[in-house]
Amino acid sequence: MQRAIVKESIRLSYGVPGKIPREVPEGGATLCGSHIPGGTMLSMSCRVYHHYEPYFPNADEFLPERWLDEKSAAEAEKHFIAFSRGSRNCIGMNLAYAELYYGFAYIFRKFEMIQAADMKDRDMEWHDAFVVATFGHLRVKLQKVQN
Ligand code: HEM
């Protein structure tokens, strides 16, 4: 379940939500059956792709279950591009997963109550940046697990 929560969290938190441009090499390329001439700039965004209903049903909902069932997990994995794909994909992907597994495990073992505190919607709104940057900060109230 922890893996499913981490995957679903990354799917909906978009480390790099902006469009990442790529230039089609000389000679062109065929994409989805269409010829794209060399020199064309193409770009796409995981923010858009991760909300595409045919690939992620109920895409706007946080549903870790989609990563648990073998068939739906395989389908979701095919379309999960948070770390990009191909020769220039994220070199820090495995470190990022390790940090997230340790971080989540630590928080949920040490604290039994985690609650947003004194937050306004505006705090979590994004401003334009290559990576996600919010106008405010996430503030939470924590209650330690009693030993
Ligand atoms: C959840 C965390 C992370 C996400 C979502 C993420 C996402 C991405 C994405 C989408 C790219 C591709 C950018 C492009 O196509 O131009 C990228 C590239 C890169 N990332 Fe990450 N990243 C994460 C964590 C890390 C960490 C922890 C490191 C290093 C310690 C790292 C180092 C890099 C580097 C060096 C590149 C450039 C790779 C290249 O161009 O060859 N990333 N990352």
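Since the model is a prediction, treat every value here as computed from it, not as a measurement. Counting starts at 1 for both ligands and their atoms, in listed order.
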Taking only heavy atoms of A82 into account, list the atoms of ligand 1 that are under 4.0 Å away from them. 5 (C), 7 (C), 10 (C)

Looking at atom 28 (C) of ligand 1, would you say a protein heavy atom lies below 4.0 Å from it? yes

Any chance you could measure L95, atom CG, to L100, atom CG, to the nearest 0.5 Å? 9.5 Å

In terms of the angle between their ring planes, are Y14 and W126 parallel, tilted or perpendicular, with boundaries placed at 30° and 60°? perpendicular

May I ask whether N89 has any heavy atom positioned less than 4.0 angstrom from an atom of ligand 1? yes

By number and element, which atoms of ligand 1 are closer than 4.0 Å to a non-hydrogen atom of L95? 30 (C)

Heavy-atom neighbours of E125 CD exceed 12 at 6.0 Å: yes

Residue part near ligand 1, for R85, under 4.0 Å between non-hydrogen atoms: neither

Can you list the atoms of ligand 1 that are under 4.0 Å from a heavy atom of I20? 13 (C), 14 (C), 15 (O), 16 (O)

Is the shortest N/O to N/O distance between R88 and ligand 1 below 3.5 Å? yes

Are more than 12 heavy atoms, taken from residues, nucleotides or ligands other than E77, located less than 6.0 Å from that residue's CD atom? yes

Crowding at NE2, H137 (>12 non-hydrogen neighbours, <6.0 Å): no

Just distances here: any N/O of S87 and N/O of ligand 1 closer than 3.5 Å? no

According to the interplanar angle, ranging from 0 to 90°, do the rings of F111 and Y106 count as parallel (below 30°), tilted (30 to 60°) or perpendicular (above 60°)? perpendicular

Where is the nearest protein heavy atom to atom 3 (C) of ligand 1: which residue, which atom, and how far? F83 CE2, 3.4 Å

Quickly, which of E61, R11, H51 forms a side chain to side chain contact (heavy atoms under 4.5 Å, CB included) with F56? Name it, please. R11

Can you tell me the protein heavy atom closest to atom 33 (C) of ligand 1 and the distance? I91 CG2, 3.7 Å

Check for me whether the distance between the ring centres of H50 and Y55 falls short of 6.0 Å. no

May I ask whether M93 has any heavy atom positioned less than 4.0 angstrom from an atom of ligand 1? no

Just need the protein heavy atom nearest to atom 22 (N) of ligand 1, so name the residue and atom and give the distance. C90 SG, 3.0 Å

To the nearest 0.5 angstrom, please state how far the CG atom of D60 sits from the CD atom of E53. 6.5 Å

Could you tell me the residue and atom name of the protein heavy atom closest to atom 15 (O) of ligand 1, and the distance to it rounded to 0.1 Å? R22 NH2, 2.5 Å

